[in-house]
Number of protein chains: 2
Amino acid sequence: MNDGRTTSTHETRQRIVRAGIELFRRSGYTGTGMKQIAEAAEAPFGSIYHFFPGGKVQLAEEVIRTSGAVYLDLVAALMTAHEDCVVATADAFTAAAGTLVELDFADPCPIATVALEVASTNEPLRQATSEVFESWVTRLAASYTAGGIPAPLARETATSVIALLEGAFMLARAARSTAPVLAASKAAAAIVRAALAGE
Amino acid sequence: MNDGRTTSTHETRQRIVRAGIELFRRSGYTGTGMKQIAEAAEAPFGSIYHFFPGGKVQLAEEVIRTSGAVYLDLVAALMTAHEDCVVATADAFTAAAGTLVELDFADPCPIATVALEVASTNEPLRQATSEVFESWVTRLAASYTAGGIPAPLARETATSVIALLEGAFMLARAARSTAPVLAASKAAAAIVRAALAGE
DNA sequence: GTCTATATCTTGATAGAC
DNA sequence: GTCTATCAAGATATAGAC
């Protein structure tokens, strides 16, 4: 892959995190084993504990924050695609429907399953998921403020839109159908439009 | 507890299902053990396999369908509380915020965590969760139709409202705050209002 | 740092006494 | 039908050779 000098440690670590992202999203936190992650990462089992001495919790926390940051960029990119934030919001949902099919209804949100699993059972991970959601809401709210929605209302609107997206993913995955996400697209537009009209 | 004649099998079985409902909602499917369920139900371990020869999957399926039916009645009750379905919808969300606090942010939706866990990993359970969501949407859509929203749009609206509720629960549990559900209350009203206005 | 072998615990499930 | 003991397989985590 490269000249052989710079390989090593860094790349192995990265493969482990990437494998964690994929497996946690598909099978959740308790449903994914450390051996399974090592195998998917093509890394020796011991390497996981070399890079993550804190074990499964430490690995999961990094997975949550890493994939959260990736999604943050995605939110930013989608919202700057159109001037009109009603259109941008609706388009983001229809694009998500496409992603859902591409992934064969594996979770398009990398932290949703884990977030529900740990909410009442693992305090440090609960906090990590909370901060990730918070970062998404803050970023989306900034787009809505720029689009003309007053600040406090923009935050409420962003919260509702993120919630709607997560819930639509849940129904869509259960039904193996994009219909809920497409219905949510229109609903999201209605939410933002109402906020623009001053509630 | 009673005269000693009518105790036995039926009640033990019921305690097992009830314990399953509570534990699956809190810790999810893979995060809950059969021994844990037996202990919580104050039932001997072997009784679980006596009543549920299909093991964990069979028990989980019954838990999903049972709690789904309970929630179906709840949806029906909430929507008949007010004539105006915009108000009824918004009130249902604010009531949910109260439930969330009462449960100390344990999942108010008994099947959400399980639904995400099994969506890509367990086909019979995925189908069970799908049918439960479907029943909720159908019931809620009927209320919206009665409230004056034309049938096909009523179904889309109901789907979006249920999705919004599930997503709001997710954010609220992660943040340990009712704010997302309260924000969603206003958003849900906006969705229904838009549908009433003919989209 | 890489990798293997293993310790320890818990899981879902079963057998069989009562 | 109730209950206990136990199985085999899985989990997380560690020890130690290389």
Side-chain angles (χ1 to χ4, degrees), chain A residues 1-20 23-24 26-64 113-114 117-118 121-125, chain B residues 1-20 23-24 26-64 113-114 117-118 121-125:
Chain A
M1 283 299 172
N2 61 12
D3 62 9
R5 265 190 307 124
T6 56
T7 311
S8 84
T9 155
H10 193 71
E11 296 190 0
T12 301
R13 202 193 133 98
Q14 210 171 48
R15 282 203 313 278
I16 291 170
V17 173
R18 270 202 258 266
L23 285 169
F24 283 147
R26 190 160 324 178
S27 308
Y29 179 73
T30 52
T32 301
M34 295 292 264
K35 280 178 186 168
Q36 203 178 343
I37 293 173
E39 192 180 8
E42 299 184 69
F45 182 70
S47 294
I48 295 192
Y49 287 91
H50 171 69
F51 291 113
F52 302 93
K56 196 180 189 182
V57 173
Q58 187 191 346
L59 172 57
E61 185 169 339
E62 180 152 334
V63 165
I64 290 166
T113 308
V114 176
E117 282 182 283
V118 304
T121 59
N122 189 313
E123 188 55 20
L125 293 185
Chain B
M1 284 297 174
N2 62 13
D3 62 9
R5 266 189 307 123
T6 55
T7 311
S8 83
T9 157
H10 192 70
E11 297 190 0
T12 301
R13 203 192 132 98
Q14 211 172 47
R15 281 203 315 275
I16 291 170
V17 173
R18 271 202 258 267
L23 284 169
F24 283 146
R26 189 159 325 179
S27 309
Y29 179 71
T30 52
T32 301
M34 295 291 264
K35 280 178 187 168
Q36 202 178 343
I37 293 173
E39 191 181 7
E42 297 184 70
F45 182 68
S47 293
I48 294 191
Y49 287 91
H50 171 71
F51 291 112
F52 302 93
K56 196 181 188 181
V57 173
Q58 187 191 345
L59 172 56
E61 185 169 339
E62 180 151 334
V63 164
I64 290 166
T113 307
V114 176
E117 283 182 284
V118 304
T121 58
N122 189 313
E123 189 54 20
L125 293 186

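Note on naming: letters A, B, ... go to the chains in the order of the sequence lines (proteins, then strands), and numbering restarts at 1 for each one. These numbers were taken from a predicted model, which means no experiment stands behind them.
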Open item on the list: From NE2 of B:H50 over to C1' of D:dT4, roughly how many Å is that when rounded to an integer?
Closed with: 16 Å
Open item on the list: So, using side chain to side chain donor-acceptor pair (under 3.5 Å) as the criterion, who are the partners of B:S27 when residues are at least two apart?
Closed with: none
Open item on the list: Rounded to whole Å, how long is the line connecting atom CD1 of B:I37 with atom P of C:dT10?
Closed with: 17 Å
Open item on the list: The criterion is side chain to side chain donor-acceptor pair (under 3.5 Å); which residues satisfy it with B:E123, sequence neighbours excluded?
Closed with: B:R126
Considering only distance and modelled atom types, tabulate donor-acceptor pairs under 3.5 Å from the side chains of residues 35-49 of chain A, sequence neighbours left out.
unit_1: A:Q36; atom_1: OE1; unit_2: A:G33; atom_2: N; d: 3.2

- [ ] Round to the nearest Å and state the distance from B:F51 atom CZ to D:dC3 atom P.
- [x] 10 Å
Task: Polar side-chain atom of A:E117 near backbone of B:G28 as donor-acceptor pair, under 3.5 Å - done: no
Open item on the list: Please confirm whether the shortest side-chain N or O distance from B:T12 to OP1 or OP2 of D:dT2 is below 4.0 Å.
Closed with: yes
Open item on the list: List the residues meeting salt bridge (charged side-chain N to carboxylate O under 4.0 Å, His left out) with A:R15, not counting sequence neighbours, and say none if there are none.
Closed with: none
Task: Nearest heavy atoms of A:V114 and A:Y29, plus distance in Å - done: CG2-N, 4.0 Å
- [ ] Would you mind reading off the distance between B:Q58 atom CD and C:dA13 atom P, rounded to a whole angstrom?
- [x] 11 Å
Task: Distance, rounded to the nearest Å, where B:I48 contributes CD1 and D:dT2 contributes P - done: 12 Å
TODO: At under 4.0 Å between heavy atoms, which parts of nucleotides 8-18 of chain D does protein reach? Answer with one letter per nucleotide, 5' to 3': B base, S sugar-phosphate only, - none.
DONE: ----BBB----
